[in-house]
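Here is the structure we will look at.
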Amino acid sequence: MAVHKFYKPREIEEKLTKKWEKEKIYSLKSDKNDPKYYVLEMFPYPSGEPHMGHARNYIIGDVIARVLSRKGYNILHPIGFDSFGLPAENAAIRDGMHPKESTIASIDKMRKALKRMGISYDFGDEVITSNPDYYKWTQWFFLLFYRMGLAEKKEAAVNWCNSCQTVLANEQVISGRCERCESPVEKRVLSQWFFKITDYAQRLLDDMKLLEKGWPERVLTIQRNWIGRSEGAVVDFKLDDSEDISIPVFTTRPDTLFGVTFFILAPEHPLIDKIVVDEEYKKEIGKIKNIISGQSDIERGSAEIEKIGCFTGRYVINPLNGQKVPIWIANYVLLEYGTGAIMAVPAHDQRDFEFASKYGIPIKEVISPDGKNHQKLSAAYDGEGIMINSGKFSGTSSEKGKKDVTSYLEENNMGKFYVNYKLRDWLISRQRYWGAPIPIIYCEKCGMVPVPEEDLPVLLPYDIDFRPKGLSPLFYCDEFVNTACPGCGGKAKRETDTMDTFVCSSWYFLRYCSPHNDKVAFDSKEVDYWMPVDQYIGGIEHAAMHLIYARFFIKVLYDKGLIKFKEPFIKYFPHGVVNLGGQKMSKSKGNIVNPSEIYNRYGADTLRLYILFVGPADSPVDWSDSGVEGASRFLNRVWRLVVKNIELAGSSKWANSKTKVLKDPGKDIKDEFKNGKLSSLERELCRKLHQTIKKVTEDILVRFNFNTAISAIMELVNLMYKYQEEVTASKKNVALVKEVTEKLLILLSPFTLFIAEELWLEAGNERSIHKVPWPDYDHEIAREELVTIVFQVNGKLRDRIDLPIGTPPEEIERYALSSRKVKNFTQGKEIVKKIVVPNKLINIVVKN
RNA sequence: GCCGGAGUGGCGGAAUUGGCAGACGCGCUGGACUCAAAAUCCAGUGAACCGCGAGGUUCGUGUCGGUUCGACCCCGACCUUCGGCACCA
């Protein structure tokens, strides 16, 4: 049987896809006695066809999973769908297709595409978050959190997206805009469900040391910034003319307490109404509040907005020196941060300085860089220095002063050391239909009652009017809302908000360990075996969303004793985005290349090869059509080379070849190499093969540099071509050709699945190439025997020579000094020094 | 403003521990094959200068300094750019 002369990717890929499906070759699970490895890519929202970013994500994971599997690991490499969420619901409003139907259709499309790209998933173990057998357990987790006191309903100023008609968590607000639709977010005071992630702020921070090795620094930095820890003190300021009211403030600079000349409440602060008595002031405050409430969060958050405010007519007492301090309100003080009130120190805080200058409030210097008083400050000094005008603390360094003042406050019950976090509690309720219902019932008699576990899941009703009205669509669904109280059996109503989809995605990786178990959310035995995830892969845009929530979830479960590990993802790799023309691919811009266009035209192998070769996996890449052509060209080149090599053996089957070696060509070639029986080009080829195995293995598993792994394979192919061109057929070492060709196919196989398999089978192998163990390399063969020694004079390259490895320094020196080119630069000059780095270079230092 | 990345040919990018800058690919140029073209194969390809030529010299990794026998790599200052946080007290 003759091998096909031409590479026909679509033909072989379609054929093999069917074959693999029949042989169930997609799963990489082996045996529980093997070491386990859990490779996980962030699961997608099923939007129909996967986009190029998805493809990049899954291809990277696939290569790692496949190589490790071939190295003897038992691999969990699952896929699922994060299928609750707004797009399906918005589509339903737009064109009437029920989210359930459109979701199923999208999942089908997506699954088909993933199979077409050859990703090695256990497709039978999919997790679909919008299925009741999944969201039942999402609700179960809610109840767990509720019982642990970590889920609470509270009134708070929350982010409202008017376009999505729902509230959003802080993490979903990106510079004042909705993460999903980019419309401006407003503040509304509403009663909402929160998970108390703030209880875990410090733990989320501390446990990052467990991630330092496996997570990129920039991701940890994003999380650190987001958690926003700052140390300082809470200081209580008593309200003047009042016995019992005192207002705490948070400050990072207790050492500046003597410099307080005014005091500010956030305009929304609830105390304002209580303490302002004078009608004059009430009117003025009303005016200011009006102006401020007219400013959007984006405006108010922007750097250069003018500071405005007014005096309230009331005073507080500075606890340190007993001075009366006027209370103002001002737009630059935020209710959400700290206590919603600040002590203003205009001499040492630029914002306070600007405000004080505008309204003629005194500025009192209490920290001096040189210990002296300065007449007029032109700006706030916020650096360290020496405390002045600070009573008994004067003369102390500001650094020590922070501690001393705090201790003094603590001793006198006026305040305490305090750590403040920017992190807010996680708002999880949403006023939308397509999510997991929150399992809570409101009884007229018993009040708030959790749904008993045995009644889960609280099913989403199917027939519903999706049009958003500011309340959940479920609110208008009587048969859903009206229920009986689980406690007293009396009339009761269900909670109608659904959960943020980030709740669903905070535990899906646990579900993958036992996806079909209907008794528990996850089987502990399986989770103990598989978790934590060894390698997590996905977009960095989730650094301060999904990746924080999932870490929080795991810590809660750890505290509850349900799991034995503190972090869900040991290693995390953020892949870069795929751009086109320097811009993010997006439907609205119309600059989209879909993976399907590429695999339909060039084949999945070309897509896979190109997307890995185009650049380092963690940096953004720009799509290039000529780059795709190049990848395709390379595969054609491989095809022709291998077909020729197979034919060389006199038959399309290696096994029938007339070579002198039949059983273990790898070993025989090694012997020939070591016994010096190969020609120099053959030695080079053999060495190149072993070097390539080494490089490809390390690049994939250690460095995550798929682009350089592929370029190494290209170099091997180039050398194989050289051998093919330069040596006449009768003189070729067929055993060597066979050995190098087969290893080449194995090295290619995790990248370009189909072509590797097709040629492998054509060469007469019975077993799939994807079940063949990953090759080892021989150190002795991989090692170069000659190295280029560089001759430098004063650090400049002047000559080079190839010498055997391990040539002693004196000999290198002799060669260097006898080099004509070196002599040109040393003649007539005094040689001061000679530095020899064995196997690398010699540097001769001369004086002019 | 604070924190964290990044900056290398015409382009995407290599250089793994301070030791040959530009691997590999794209593009381009030339050659082979062809009636011709495509495809393919081979060779060349950082810049400037010198030489008829073989060859040679100088410059060159954002900028300016420093450390070192030697710096894309380490240190200092700055510029540009991307990302995170941001009237955060």
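Chain letters run A, B, ... following the sequence lines, proteins first, then strands; residues in each count from 1. Values reported hereafter were calculated over all heavy atoms of this structure, with side chains retained and with hydrogens, waters and symmetry mates removed.
- For the P atoms, the distance linking B:rG22 with B:rG46 amounts to 9 Å, nearest Å.
- Contact annotation for A:E629: no contact, since no heavy-atom pair falls under 4.0 Å across all strands.
- The ring pair (Phe, Tyr, Trp, His ring centres under 6.0 Å) pairs that include a residue from residues 698-720 of chain A are A:F573-A:F704, A:F704-A:F706, where partners are two or more places apart or lie in different chains.
- With sequence neighbours left out, A:W623 forms a ring pair (Phe, Tyr, Trp, His ring centres under 6.0 Å) with A:Y610.
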Open item on the list: For Watson-Crick and G-U wobble pairs within 3.5 Å on both distances, what is RNA chain B written in dot-bracket notation, | included for inter-strand pairing?
Closed with: (((((((..(((......[....)))((((((.......))))))(((((....)))))..(((((..]....))))))))))))....
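- To the nearest angstrom, P of B:rA89 lies 16 Å from CZ of A:F262.
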Open item on the list: One character per nucleotide, please: for nucleotides 54-62 of chain B, 5' to 3', B when the base has a protein heavy atom closer than 4.0 Å, S when only the sugar-phosphate does, - otherwise.
Closed with: --SSSS---
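- A cation-pi arrangement is not found for A:R608 relative to A:F751, the charged atom failing to lie both closer than 6.0 Å to the ring centre and inside a 45° cone about the ring normal.
- Qualifying side-chain contact (heavy atoms from CB on, under 4.5 Å) partners for A:V577, counting only residues two or more places apart in sequence or in other chains: A:N579, A:P620.
- A donor and an acceptor atom sit less than 3.5 Å apart, one in the side chain of A:K307 and one in the base of B:rC87.
- The phosphate of B:rC88 (OP1 or OP2) has no side-chain N or O of A:R229 nearer than 4.0 angstrom.
- Listed by first and then second residue, the salt bridge (charged side-chain N to carboxylate O under 4.0 Å, His left out) pairs involving residues 691-716 of chain A are A:K688-A:E715, A:K694-A:E698, A:K695-A:D699, A:D699-A:R703 (not counting sequence neighbours).
- A close approach under 4.0 Å does not occur between any side-chain nitrogen or oxygen of A:R218 and OP1 or OP2 of B:rC3.
- For B:rG9, the base is syn relative to its sugar; the glycosidic angle is within 90° of 0.
- Not counting sequence neighbours, A:K403 has no partner by the side-chain contact (heavy atoms from CB on, under 4.5 Å) test.
- Remark: P of B:rG84 and CD1 of A:I174 are 7 Å apart, rounded to the nearest angstrom.
- A:F237 has its CZ atom 12 Å from the C1' atom of B:rA89, to the nearest Å.
- At the heavy-atom level, A:R640 lies under 4.0 Å from the strands shown only through sugar-phosphate atoms.
- For A:K833, the side-chain contact (heavy atoms from CB on, under 4.5 Å) criterion is met by A:I835, A:V845, not counting sequence neighbours.
- The interatomic distance linking A:L580 (CG) with B:rG12 (P) rounds to 15 Å, in whole Å.
- Here the P atom of nucleotide B:rC42 and the CD atom of A:E726 are 10 Å apart, to the nearest Å.
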Open item on the list: How would you summarise protein contacts on nucleotides 14-25 of chain B per nucleotide, using B for base, S for sugar-phosphate only and - for none, with heavy-atom distances below 4.0 Å?
Closed with: SSB--BBS-BBS
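- Atom C1' of nucleotide B:rC87 and atom CD of A:Q350 are separated by 11 Å, given to the nearest angstrom.
- Atom CG in A:L220 sits roughly 11 Å away from atom P in B:rG5 (whole-Å rounding).
- For A:K833, a side-chain nitrogen or oxygen approaches OP1 or OP2 of B:rC69 to under 4.0 Å.
- What separates CG of A:N170 from C1' of B:rC88 is a distance of 12 Å, to the nearest Å.
- Annotation: salt bridge (charged side-chain N to carboxylate O under 4.0 Å, His left out) contacts involving residues 621-641 of chain A, sequence neighbours excluded, are absent.
- Judged as a side-chain contact (heavy atoms from CB on, under 4.5 Å), and not counting sequence neighbours, the contacts of A:S711 are A:F613, A:T708.
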List the atom pairs, donor and acceptor, that lie under 3.5 Å between side-chain atoms in residues 254-266 of chain A and the rest of the protein, sequence neighbours left out.
from	atom 1	to	atom 2	distance (Å)
A:D255	OD1	A:R253	NE	3.0
A:D255	OD2	A:R253	NE	3.2
A:D255	OD2	A:R253	NH2	2.9
A:T256	OG1	A:R253	O	2.8
A:T261	OG1	A:P362	O	2.9

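- In this structure, the ring of A:F502 has its center no less than 6.0 angstrom from the ring center of A:W426.
- For the pair A:K307 and A:Y332, the cation-pi test (distance below 6.0 Å, angle within 45°) is passed.
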